[in-house]
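Encoded as structure tokens, the structure appears first; notes follow it.
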Amino acid sequence: MVPKFIVDEFTKALQAIGINDTSKLRFEEPKNQDFGDYATSVALILSKELRKNPREIANSIVEKLNFDNKLVEKVTIDGPGFINLKFTSYFYGQELERIYQLGDDFGKSNLGKGLRANVEYVSANPTGLLHLGHGRNACIGDSIANLYSWLGYEVTREFYFNNAGKQMTNLARSIYARYRQLLGEADFPFPEDGYFGDYIKDIAQELIEKYGNSLIPETPENLEICKKFGEEWCFDKIRKTLAKLKIFHDTFYNEDSLYRNKKIDEVIAIFCEKNLVYEKDGALWLALTKLGLNEERVIVKSTGEPTYRLPDIAYHREKFLRGYDLIIDIFGADHIATVPDVLAGIRALGFDDQKVKVVIHQFVTLMENGVQVKMSKRSGRSYTLDELIEEVGPDVVRFFFLMRSVSSHLEFDLNLAREHSEKNPVFYLQYAYARICSIFDTAKERNIKFDENSPTDCLNLPQEINLIKLQRMFPKIIETAALKFEPQILSDYLYDIATAFHTFYHDCRIIGSPEPILSARFKLARVTQRILKNGLTILGVDAPERM
RNA sequence: GCGCCACUAGCUCAGUUGGAUAGAGCAUCAGCCUUCUAAGCUGAGGGUCACAGGUUCGAGUCCUGUGUGGCGCGCCA
């Protein structure tokens with residue numbers, strides 16, 4: 001974040017040369033360190049409207065700048081007209097002190113103060129076990145929820161529980177068929193579009209243990225028992241799997257409650273009132289073309305059952321009625337097509353669909369020994385999330401699912417994930433944290449104390465300054481990762497800060513250094529420790545004190 | 001046929017609302033442990049940013065078209 005005094009001084013300088021619109025004043029951190037700590041291309045941008053050589057403009061701006069030379073070491077004009085600033089080590093020392101004093105509040109902001117956000121994620125049907133796609137969804141959603149908490153939002157973590165409709169009927173029929181088969185009728189027909197996974201047999205077996213053969217009559221009541229039993233079984237498994245990843249939702253919103261509480265009917269009534277529905281071929285259609293879309297869609301089938309769109313719209317309406325300022329949905333790429341329909345429905349109901357942010361993540365492919373592990377839902381032979389957690393541990397699962405940008409396909413390398421070495425980025429980060437903890441442990445053992453009031457402006461080595469520079473970025477990283485819905489920005493950053501610390505650790509000793517270097521480096525280590533701990537926590541990864 | 005996503009080093013991926021010499025990890029090669037954890041550090045090689053146009057002081061980034069791959073396009077969710 002650009003220090004305020006820099007922006008203020010540039011604003012004054014621009015006004016002094018007659019530029020009152022300072023919206024073009026932008027700063028960036030040059031990739032090349034030779035160009036200093038901050039650069040602005042404002043002179044290049046202004047050159048067009050002023051019809052003057054950018055270097056000339058830069059010169060006239062720089063002439064008006066008046067910085068405290070205790071803070072700013074030099075101001076230069078380079079290349080086509082960039083103005084580059086370099087700070088003094090005194091400035092960085094002050095920054096370290098400021099950050100250190102903030103403690104665990106460093107990185108938090110009040111952007112979302114007084115606002116409420118709802119993050120909906122996982123939302124798997126209770127018809128089976130979680131697979132890897134759900135895993136990615138869960139990790140992205142949970143980290144985004146954490147990020148928004150850091151922005152000051154009051155966050156609700158929500159799971160939409162799709163326990164109504166055809167899929168549930170299908171589950172009931174699948175369980176029932178396995179039940180009959182297990183009771184001796186080996187050729188009892190299995191539904192063609194049923195759930196083929198082995199877990200259905202486990203459910204049926206438990207059903208036998210509980211009910212014996214009393215469910216054999218193929219009645220609606222018995223199928224309902226199969227359905228409820230299956231739903232609860234799957235729900236229980238899903239929650240246990242998520243718990244292994246330390247993911248806990250605040251609210252499980254049941255789809256069937258939308259029916260029980262007449263929310264579906266209310267929405268239909270509103271649509272009717274607004275003249276947005278009509279009957280055709282025995283079904284009820286939503287006039288989406290009146291709402292700016294290309295195609296009309298059925299919302300109530302000729303059988304009388306709603307399609308998924310209607311409860312989805314009703315559910316989002318409920319979220320608005322519950323008073324959220326920000327509604328975030330985490331969906332897999334296969335749900336992309338439904339988004340415009342739901343948003344259009346929400347608009348039609350009179351809500352501001354700008355408050356809804358839909359995060360679409362791409363798919364996961366599992367790689368082992370350089371070849372793709374096939375995941376077939378149909379055969380039921382898919383790799384479950386549970387199995388993956390069992391195999392590589394929750395920390396690796398969470399980090400791996402977050403280290404690619406949401407919109408990119410994610411290749412999950414099992415071999416790398418299994419590796420407990422420096423090749424595995426999770427351990428690289430955790431190791432940096434454990435090393436810092438170890439320094440403080442050693443200091444305690446040797447009774448080495450550091451002075452809280454000792455000045456920090458004695459640090460001037462590149463390894464030290466580089467670390468402080470990265471530390472300063474933490475709040476901006478949190479904010480950007482949140483606003484762009486990209487936890488990967490944070491995981492990349494943490495990797496960078498771990499690298500900067502490892503380099504510092506290798507080249508600079510803390511214990512054994514003379515004061516005031518000793519105390520200043522202790523503070524440097526403490527700040528790094530907090531950033532790693534808090535950053536990893538946002539990502540849902542443990543920060544072990546020893547490895 | 002239409003929509004969304006992707007295409008950057010051998011592989012997996014970053015690339016800050018258009019900026020200066022396009023980066024990291026893995027892999028390959030060469031070095032560094034009497035020291036607070038070597039699960040670490042340092043260095044080297046490796047590029048037609050899929051392709052072709054366009055916009056401008058400047059394009060991996062924005063626009064148009066083409067190609068390749070993934071996911072969708074149902075009275076399934």
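By convention in this document, chain letters (A, B, ...) are assigned in the order of the sequence lines, proteins followed by strands, and residues within each chain are numbered from 1.
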No-H, no-angle donor-acceptor pair, Asn170(A) side chain to A77(B) base, under 3.5 Å: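 Under the 3.5 Å cut-off, the side chain and the base do not form any donor-acceptor pair.
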
Report yes if a donor N or O on one partner sits less than 3.5 Å from an acceptor N or O on the other, where the partners are the side chain of Arg26(A) and the base of U17(B); otherwise report no.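 A donor-acceptor contact between them is present.
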
From C-beta outward on [X], which listed nucleotide comes closest to its side chain: [options]?
X         : options                : result
Tyr495(A) : C75(B), C13(B), A24(B) : A24(B)
Ala39(A)  : C41(B), C71(B), A20(B) : A20(B)
Tyr428(A) : U37(B), C41(B), C73(B) : C41(B)
Asp281(A) : C75(B), G19(B), C5(B)  : C75(B)
Asp507(A) : C41(B), C26(B), C13(B) : C41(B)
His502(A) : C26(B), C41(B), G19(B) : C41(B)
Ile510(A) : C76(B), C5(B), C36(B)  : C36(B)
Phe82(A)  : A39(B), A20(B), U37(B) : A20(B)
Ser407(A) : A6(B), A20(B), G70(B)  : A6(B)
Tyr431(A) : G72(B), U37(B), C5(B)  : U37(B)

Does [X] reach a base, just sugar-phosphate, or nothing at all? Heavy atoms under 4.0 Å.
X         : value
Ala283(A) : base
Ala333(A) : sugar-phosphate
Ser41(A)  : base
Leu46(A)  : nothing
Cys437(A) : nothing
Thr480(A) : nothing
Ser47(A)  : nothing
Asn32(A)  : base
Asn294(A) : nothing
Glu411(A) : sugar-phosphate
Asn53(A)  : nothing

Value in whole Å for how far the [atom2] atom of [N] lies from [atom1] of [X]:
X         : N      : atom1 : atom2 : answer
Gln488(A) : A24(B) : CD    : P     : 16 Å
Lys301(A) : C75(B) : NZ    : P     : 10 Å
Phe331(A) : G72(B) : CZ    : P     : 16 Å
Leu402(A) : C13(B) : CG    : P     : 15 Å
Arg404(A) : C26(B) : CZ    : P     : 12 Å
Phe501(A) : C36(B) : CZ    : C1'   : 9 Å
Tyr195(A) : A77(B) : OH    : P     : 10 Å
Met367(A) : U12(B) : CE    : P     : 8 Å

Without hydrogens or angle criteria, can the side chains of [X] and [Y] be said to hold a donor-acceptor pair below 3.5 Å?
X         : Y         : value
His502(A) : Arg435(A) : yes
Gln430(A) : Asp395(A) : yes
Lys449(A) : Asn447(A) : yes

Regarding Glu28(A) and Arg26(A), does a basic nitrogen lie under 4.0 Å from an acidic carboxylate oxygen?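 Looking at Arg26(A) together with Glu28(A), the answer is no, because their closest N to O distance does not fall below 4.0 Å.
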
Do the charged groups of Glu192(A) and Arg173(A) touch, with an N to O distance under 4.0 Å?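 Looking at Arg173(A) together with Glu192(A), the answer is no, because their closest N to O distance does not fall below 4.0 Å.
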
Rounded to whole angstrom, note down the [atom1] distance from [N] over to [M].
N      : M      : atom1 : result
G60(B) : A50(B) : P     : 10 Å
C51(B) : U34(B) : P     : 50 Å
G10(B) : A52(B) : C1'   : 27 Å
G72(B) : A44(B) : C1'   : 46 Å
C4(B)  : U56(B) : C1'   : 30 Å
U68(B) : C32(B) : C1'   : 45 Å
C63(B) : G19(B) : P     : 15 Å
C73(B) : U21(B) : C1'   : 46 Å

Answer yes or no: does a side-chain N or O of [X] lie under 4.0 Å from OP1 or OP2 of [N]?
X         : N      : result
Thr503(A) : U42(B) : yes
Ser302(A) : C75(B) : no
Lys423(A) : A27(B) : yes
Arg435(A) : A38(B) : yes
Lys484(A) : U17(B) : no
Lys31(A)  : A20(B) : yes

Using Watson-Crick or G-U wobble geometry with both distances under 3.5 Å, which nucleotide pairs with [N]?
N      : result
C36(B) : none
G65(B) : C51(B)
A14(B) : none
C2(B)  : G72(B)
U28(B) : A44(B)

Face-on cation placement of Arg521(A) at Phe504(A) ring, 6.0 Å and 45° thresholds: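 Not flagged: Arg521(A) not positioned over aromatic ring of Phe504(A).
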
With a cut-off of under 6.0 Å to the ring centre and 45° to the axis, is Arg530(A) in cation-pi contact with Phe474(A)?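 No, a cation-pi geometry is absent between Arg530(A) and Phe474(A).
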
Hey, would you say the Tyr253(A) and Phe159(A) ring centroids sit under 6.0 Å apart?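 Not close enough - the centres of the two rings lie 6.0 Å or further apart.
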
Mind telling me whether C33(B) is syn or anti, cutoff 90° either side of 0?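 Here C33(B) takes the syn form, which means its glycosidic angle is within 90° of 0.
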
Distance check, rounded to the nearest 0.5 Å: Leu388(A) atom CG versus Leu130(A) atom CG?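 Those atoms lie 12.0 Å apart.
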
Hey, is Phe363(A) stacking on G70(B)? Ring centres under 5.5 Å, planes under 30°.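 A stacking contact does not exist, since Phe363(A) is not both close and nearly parallel to the base ring of G70(B).
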
Check: Ser47(A) side chain, Pro54(A) main-chain N or O, donor-acceptor pair, under 3.5 Å: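 Not at all, since once roles are kept as given, no pair shorter than 3.5 Å links the two residues.
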
